[in-house]
*Asks:* 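Got a structure for you, questions after.
When a residue number appears, it is its place in the shown sequence, counting from 1.
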Amino acid sequence: MFSHLNTNTLFFTGLKTDKILELIPKSQIISFLDFEEVESINNELTVQGTLADIRDRKNDTVCVIGYGTLGKELYWRLHDAGIITFVISRPKELIYQDKVMNYYPLNDQNILQVFKVCDIVINTVPYNIIPEEAISCEYVPYILDIASYPYGINEEIIKKYKENIKYNLYLGIPSKYAPKEASEILLTTIKKVIDVK
């Protein structure tokens, strides 16, 4: 199908993956996330959808893995709501500037320690960073993985422990949490690009 695309055909996508770049010339690919307004709304809906997923666990202790755009917003929303919230991330100047409480550098030992005291872990890092030891313990918190592929835990490890852990790989949150709003911003972006072309 892709080999028969006309040279003026535009291909809209969320991410420019290596597979897409193999099939379609880069000049024909339009990534929605290249548009600031789409990325901003996408991030906001992702945060809202994530918080909605854990809303019935408001008194629980939470750990956010990663302090990028999503991790930062999740940490401060939870913190401001009075929820004890930990952050595990690679050291960043921003973490210290923001005066993040309960910050731990990203390493296996810190993940293992935080897993022992948290009820919920939200992973935002698209990399297999949660070690098998953390989910093979007697107590494993609810893990909400909102990172893109390859996710926070190796898929084989998830299969191995699926009967013993509470793990939710929550992808495409904007389209699940607020499908109308998410589709409207994409439609607006498509119209804007087509009008310019």
Side-chain angles (χ1 to χ4, degrees), residues 14-20 22 33 42-43 45-79 81 83-96 98 100-177:
L15 297 172
K16 293 178 186 174
T17 64
D18 291 340
K19 192 65 176 169
I20 290 172
E22 284 175 22
L33 296 181
N42 187 67
N43 286 341
L45 294 178
T46 299
V47 168
Q48 289 179 21
T50 301
L51 295 175
D53 182 87
I54 62 170
R55 75 173 156 248
D56 295 333
R57 305 167 181 261
K58 283 184 181 170
N59 296 322
D60 291 345
T61 302
V62 180
C63 174
V64 177
I65 301 179
Y67 196 73
T69 304
L70 292 175
K72 177 179 179 175
E73 188 64 27
L74 285 165
Y75 169 78
W76 286 106
R77 295 254 191 118
L78 292 162
H79 176 271
I83 297 168
I84 298 170
T85 308
F86 294 83
V87 169
I88 294 180
S89 179
R90 288 189 174 87
K92 294 180 184 177
E93 187 64 31
L94 191 59
I95 289 173
Y96 300 107
D98 289 351
V100 171
M101 299 173 65
N102 300 323
Y103 162 67
Y104 295 88
L106 177 61
N107 62 48
D108 287 0
Q109 190 57 41
N110 285 338
I111 290 174
L112 289 169
Q113 290 304 314
V114 169
F115 264 52
K116 291 177 184 174
V117 297
C118 287
D119 303 295
I120 302 169
V121 172
I122 303 170
N123 177 58
T124 68
V125 179
Y127 186 74
N128 292 165
I129 56 169
I130 299 174
E132 182 172 356
E133 295 81 11
I135 63 169
S136 62
C137 297
E138 186 178 336
Y139 173 76
V140 179
Y142 171 61
I143 304 167
L144 181 60
D145 200 342
I146 64 171
S148 54
Y149 184 83
Y151 323 121
I153 306 176
N154 181 285
E155 292 176 275
E156 294 305 313
I157 295 174
I158 292 298
K159 287 177 190 172
K160 183 176 176 182
Y161 294 96
K162 68 180 179 183
E163 301 300 322
N164 304 323
I165 62 171
K166 298 163 282 191
Y167 175 79
N168 182 10
L169 179 59
Y170 195 8
L171 304 176
I173 297 172
S175 62
K176 292 175 184 172
Y177 174 72

*Asks:* For Tyr103 and Ser89, indicate whether the former's side chain and the latter's backbone hold a donor-acceptor pair under 3.5 Å.
*Replies:* yes
*Asks:* Do you know the tightest heavy-atom contact between Ser175 and Gly172?
*Replies:* OG-O, 2.8 Å
*Asks:* Mind checking the CG-CG spacing from Asp145 to Asn123? Nearest 0.5 Å is all I need.
*Replies:*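 These two atoms lie 4.5 Å from each other.
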*Asks:* Would you say that Asn164 contacts Ile135 through its side chain, given a criterion of any heavy-atom pair below 4.5 Å between the two side chains?
*Replies:*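 Sidechains of Ile135 and Asn164: no contact.
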*Asks:* Test Gln48 against Glu73 for side chain to side chain contact (heavy atoms under 4.5 Å, CB included), laying out the working first.
*Replies:* CA-CA 10 Å; Gln48 289 179 21; Glu73 188 64 27; over 6 Å; no
*Asks:* Check whether any side-chain heavy atom of Ile111 sits under 4.5 Å from a side-chain heavy atom of Val121, and report yes or no.
*Replies:* no
*Asks:* Would you mind listing every ring-ring contact (aromatic ring centres under 6.0 Å, His included) that reaches into residues 150-171, with sequence neighbours excluded?
*Replies:*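 Passing the test, one end in residues 150-171: Tyr149-Tyr151.
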*Asks:* Tell me whether the count of non-hydrogen atoms from other residues, nucleotides or ligands lying under 6.0 Å of OH in Tyr142 goes above 12.
*Replies:*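 Atom OH in Tyr142 is crowded, with more than 12 foreign heavy atoms closer than 6.0 Å.
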*Asks:* Working to the nearest 0.5 angstrom, can you tell me the gap between Ile65 CD1 and Phe115 CZ?
*Replies:* 5.0 Å
*Asks:* At what distance, to the nearest 0.5 angstrom, does CG of Asp60 lie from CD1 of Ile54?
*Replies:* 8.5 Å
*Asks:* Please check this pair: side chain of Thr85 against backbone of Cys63, looking for a donor-acceptor N/O pair closer than 3.5 Å.
*Replies:* no
*Asks:* What pair of heavy atoms forms the shortest contact from Ala147 to Leu171, and how long is it?
*Replies:* O-CD2, 3.4 Å
*Asks:* Do Asn43 and Leu70 have side-chain heavy atoms sitting under 4.5 Å apart?
*Replies:* yes
*Asks:* Ile143 pairs by side-chain contact (heavy atoms from CB on, under 4.5 Å) with which of Asn168, Ile120, Ile158, Ile153?
*Replies:* Ile153
*Asks:* Do Asp119 side-chain atoms and Thr61 backbone N/O form a donor-acceptor pair below 3.5 Å?
*Replies:*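 Between the backbone of Thr61 and the side chain of Asp119 there is a qualifying donor-acceptor contact (under 3.5 Å).
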*Asks:* Would you find a donor on one side and an acceptor on the other, under 3.5 Å apart, between the side chain of Tyr75 and the backbone of Met101?
*Replies:* yes
*Asks:* What pair of heavy atoms forms the shortest contact from Asn42 to Pro174, and how long is it?
*Replies:*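 Minimum heavy-atom contact is OD1-CG, 3.0 Å.
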*Asks:* Short question: side chain of Asn128, backbone of Pro150 - any donor-acceptor pair under 3.5 Å?
*Replies:*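 Between the backbone of Pro150 and the side chain of Asn128 there is a qualifying donor-acceptor contact (under 3.5 Å).
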*Asks:* Glu132: what forms a salt bridge (charged side-chain N to carboxylate O under 4.0 Å, His left out) with it, not counting sequence neighbours?
*Replies:*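 Scan of Glu132 (salt bridge (charged side-chain N to carboxylate O under 4.0 Å, His left out), adjacent residues dropped) gives Lys160.
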*Asks:* Going from SG on Cys118 to CD1 on Ile88, what distance comes out if it is rounded to the nearest 0.5 angstrom?
*Replies:*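 The distance works out to 7.5 Å.
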*Asks:* Are any of the side-chain heavy atoms of Ile146 and Leu74 separated by less than 4.5 Å?
*Replies:* yes
*Asks:* Would you name the heavy atoms of Arg77 and Val47 that are closest together and state the gap between them?
*Replies:* NH1-CG1, 3.6 Å
*Asks:* Within the 3.5 Å criterion, strictly below it, is a donor on Asp98 or Tyr67 matched to an acceptor on the partner's side chain?
*Replies:* yes
*Asks:* First locate atom CZ of Arg90, then atom CD1 of Ile95, and finally report the distance between them rounded to the nearest 0.5 Å.
*Replies:*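 Reported value, rounded in 0.5 Å steps: 11.0 Å.
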*Asks:* Once you round to the nearest 0.5 Å, how far does OG1 of Thr124 lie from NZ of Lys72?
*Replies:*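 Going from the OG1 atom of Thr124 to the NZ atom of Lys72 covers 13.5 Å.
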*Asks:* In this structure, are over 12 heavy atoms from other groups packed under 6.0 Å from Ile84 atom CD1?
*Replies:* no
